[in-house]
Amino acid sequence: MKIFSQQQLPDIDAATIQEQNIKSIDLMERAAQYVSLYLSSLSYSRYVIFAGPGNNGGDALAVARLLAAKEGNNITAYLFNIGKGLSSNCEANRNRLAECPNVSFTEITEKFEPPQLSEDAVIVDGLFGTGLNKPLNGGFGALVQFFNASPAHIVSIDMPSGLMCENNAQNVRNHIVRANTTITLGAPKIAQLMADNHEFVGKLIVADIGLSDGKSKGLDSNYEFTDKEDIKNIIRERDSFGHKGSFGHSLLIASTYGMAGAAILATRACLRSGVGKVTVRTPHRNNNILQIAIPEAVLNLDSHEKHFSSPINTDDYNALAIGPGLGTSHDTAVAFIEQVRRTRIPLVIDADGLNILADHKGWIQQIPSDTILTPHFREMQRIGSHCTDSYSALTEAQEMAVKHSFFIILKGHFTAICTPEGKTFFNSTGNSGMATAGSGDVLTGIICALLAQKYTQTEACRLGVYIHGLAGDIAANKLGETSLIASDIIEAIPEAFLQLSAKDAEKAPSPDFLILK
Ligand SMILES: NC(=O)C1=CN([C@@H]2O[C@H](COP(=O)(O)OP(=O)(O)OC[C@H]3O[C@@H](n4cnc5c(N)ncnc54)[C@H](OP(=O)(O)O)[C@@H]3O)[C@@H](O)[C@H]2O)[C@H](O)CC1
Ligand SMILES: [K+]
């Protein structure tokens, strides 16, 4: 699913109207139908609707009318018409609502007497949507504070009012609605996917209102939201005649003595992700624990007892992941950069690999093109130079990906994959239970397995992040998010692949058919 910027949204509306031969007010009605359907599904009977002067307000007034058509709903609507007048569709919906008998409707042109709002009411926030062009202040700022202080449940239409579509660094945070739920129209907006805006967005629901994909107008976007359909187009069937060699050989360089768990988690995840063979390079003293924990893995022991100290030739391998539990001692850092510099196979750098780069920023220039880096927000802050919030971290990851020809996986609730071509893919799977020790090592193992199977870097990143999140969701469904640990994610990887693989799911249509393997 493509994500369009704020500037592009009016063009998408225009394309939709033209392609489907409808009027813009019909599109508004469609949006309002989705929102009112959702609101009716909540077990509230009192709805207090707040409409602004633009089309977001128009949506809200249409929602008020549609909700009023259902028996038993107690609807109050306020329209704030205090500036330069209303948009034409907002005005049309005001006129339609004025004819509706069972709505208490007030148009505010000057003074507003706020109603009593108790916890059994829903505030429907239709003040401002994607047309917001500066932070809210004055009366609207105070109105937002009134919403946020009330015990009522808040549902925002399209955007929590006051939130900008992309960059909110200069915004006034206490003048942004803190919604319980945001129903966004067509596709998510970039600001809604940023971790530090979660407190405003609440639960994010996307209403598919049948918008154009922009093709007819030649509109493209650098942002995409990866969904199940995209993944089904990426994932390949396994070659039935394949052998161990055809599914690739992954090399993992991981773990100091005392951190063997990182290597174990990454290796297990790698083995569960379809690779033919895995070799782990690790210090001597990790020998016994790794041999016992993962009998399927081959060990390549570093001569040093306790840490990675000397690089190896990677010619016999198809992909390398380096960093989980690796340590950051001087000896290891020197071996790390030597290893990375001489590597000519697809490469993933994670965890302590990123910490070493943070300690030696100049080394970033020496990392080969097409390397995958997997920082979370704090690691991105360490390897970058100017991230202060989620959006600036994303911007810096995008710039770094283009400048150095890297793939940067910025891990978070909506993990973002930034490519050398300037594209950003947001992931749609995963949950907060996955914010647990070792979860990143699992992702690194999965991606290394996919690279060894000759998925391109873009495919391996998108598929790997999706599978990792899906496995986390499957595990959380069984165990709950609170108790989830990294090993549970690995246990659920097979189920995640099963859910995505057409071949694995194929069943004989009747007993008259016998599907040969
Ligand atoms: N395709 C879709 O997704 C559809 C979306 N719909 C809805 O339309 C809105 C966007 O509507 P738009 O009219 O462009 O914008 P808004 O309603 O968000 O706001 C515009 C008005 O707000 C004024 N404004 C902007 N910033 C401020 C501010 N800080 N303080 C006060 N007033 C502000 C602006 O006035 P200006 O003179 O400043 O331009 C406008 O009056 C979208 O979010 C959806 O809800 C369609 O209904 C269906 C299709
Ligand atoms: K809104």
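Whatever order the structure lists them in is the order used to number ligands and atoms, beginning at 1. Heavy atoms only: backbone and side chains are in, while hydrogens, waters and symmetry mates are out. Positions are given from 1 along the sequence.
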* Asked: Is there side-chain contact between Thr419 and Phe425, with at least one heavy-atom pair below 4.5 Å?
  -> yes
* Minimum heavy-atom distance between Met380 and Cys387, given as atom pair plus value -> O-SG, 3.8 Å
* Asked: Which part of Leu211 is near ligand 1, with near meaning a heavy atom under 4.0 Å away: side chain, backbone, both or neither?
  -> side chain
* Asked: Hey, does the Lys NZ or Arg CZ of Arg178 hover above the aromatic six-ring of Phe147, less than 6.0 Å from the centre and inside 45° of the axis?
  -> no
* Proximity winner for atom 25 (C) of ligand 1, if only heavy atoms of Ile209, Asn137, Asn133 are counted -> Asn133
* Asked: Regarding Asn197 and Ser390, is there a side-chain donor-to-acceptor distance under 3.5 Å anywhere?
  -> no
* **Shortest protein heavy-atom distance from atom 14 (O) of ligand 1, along with the residue and atom involved** => Gly131 CA, 3.9 Å
* Distance filter under 4.0 Å to Gly129 heavy atoms, resulting ligand 1 atoms -> 16 (P), 18 (O), 43 (O)
* To do: Evaluate the 4.0 Å heavy atom contact test for atom 40 (C) of ligand 1: does a protein atom fall under the cut-off?
  => no
* To do: Work out the angle at the K ion (ligand 2) between OG of Ser161 and O of Phe128, rounded to 10°.
  => 70°
* To do: Report yes or no: does Pro135 have a heavy atom closer than 4.0 Å to ligand 1?
  => yes
* Take the K ion (ligand 2) as the vertex and measure to O of Ile157 and O of Asp125; round to 10°. => 90°
* To do: Among all protein heavy atoms, pick the one closest to atom 28 (C) of ligand 1 and tell me residue, atom and distance.
  => Leu136 CD2, 3.8 Å
* Structure fact -> If you scan protein heavy atoms around atom 43 (O) of ligand 1, the nearest is Asp158 OD2, 2.7 Å
* To do: Look at atom 13 (O) of ligand 1 and find which of Asn55, Ile82, Asp13 reaches it with the closest heavy atom.
  => Asn55
* **Protein heavy atom at shortest distance from atom 10 (C) of ligand 1** => Thr130 OG1, 3.3 Å
* Would Glu396 and Lys403 pass as an ion pair if we require N to O under 4.0 Å? -> no
* To do: In plain terms, say whether Arg173 and Asp196 are close enough for a salt bridge, that is, a side-chain N and a carboxylate O under 4.0 Å apart.
  => no
* For Lys2, which of Asp213, Asp227, Asp220 qualifies under salt bridge (charged side-chain N to carboxylate O under 4.0 Å, His left out)? -> Asp220
* To do: Output yes when Arg96 and Glu29 qualify as a salt bridge under the 4.0 Å nitrogen-oxygen rule, no when they do not.
  => yes
* Ser156 near the K ion (ligand 2): N/O/S under 3.4 Å -> no
* Using 4.0 Å as the upper bound for N to carboxylate O, is an ion pair formed by Arg65 and Glu99? -> no
* Centroid-centroid distance, Phe112 to Phe80, less than 6.0 Å -> yes
* Structure fact -> Looking only at protein heavy atoms, what sits closest to atom 45 (O) of ligand 1 is Asp59 OD2, 2.6 Å
* Asked: At what distance is the nearest protein heavy atom to atom 3 (O) of ligand 1, and which residue and atom is it?
  -> Leu185 CB, 3.7 Å
* Tell me which protein heavy atom sits closest to atom 24 (N) of ligand 1, plus the residue, atom name and distance to 0.1 Å. => Phe128 CE2, 3.8 Å
* Identity of the nearest option to atom 37 (O) of ligand 1, non-hydrogen atoms only, from Met28, Gln6, His175, Lys84 -> Lys84
* To do: Identify the protein heavy atom lying closest to atom 17 (O) of ligand 1, giving its residue, its atom name and the separation to 0.1 Å.
  => Asn56 N, 2.9 Å
* To do: Name the orientation class of the two ring planes belonging to Phe50 and Phe146 (parallel below 30°, tilted from 30 to 60°, perpendicular beyond 60°).
  => perpendicular
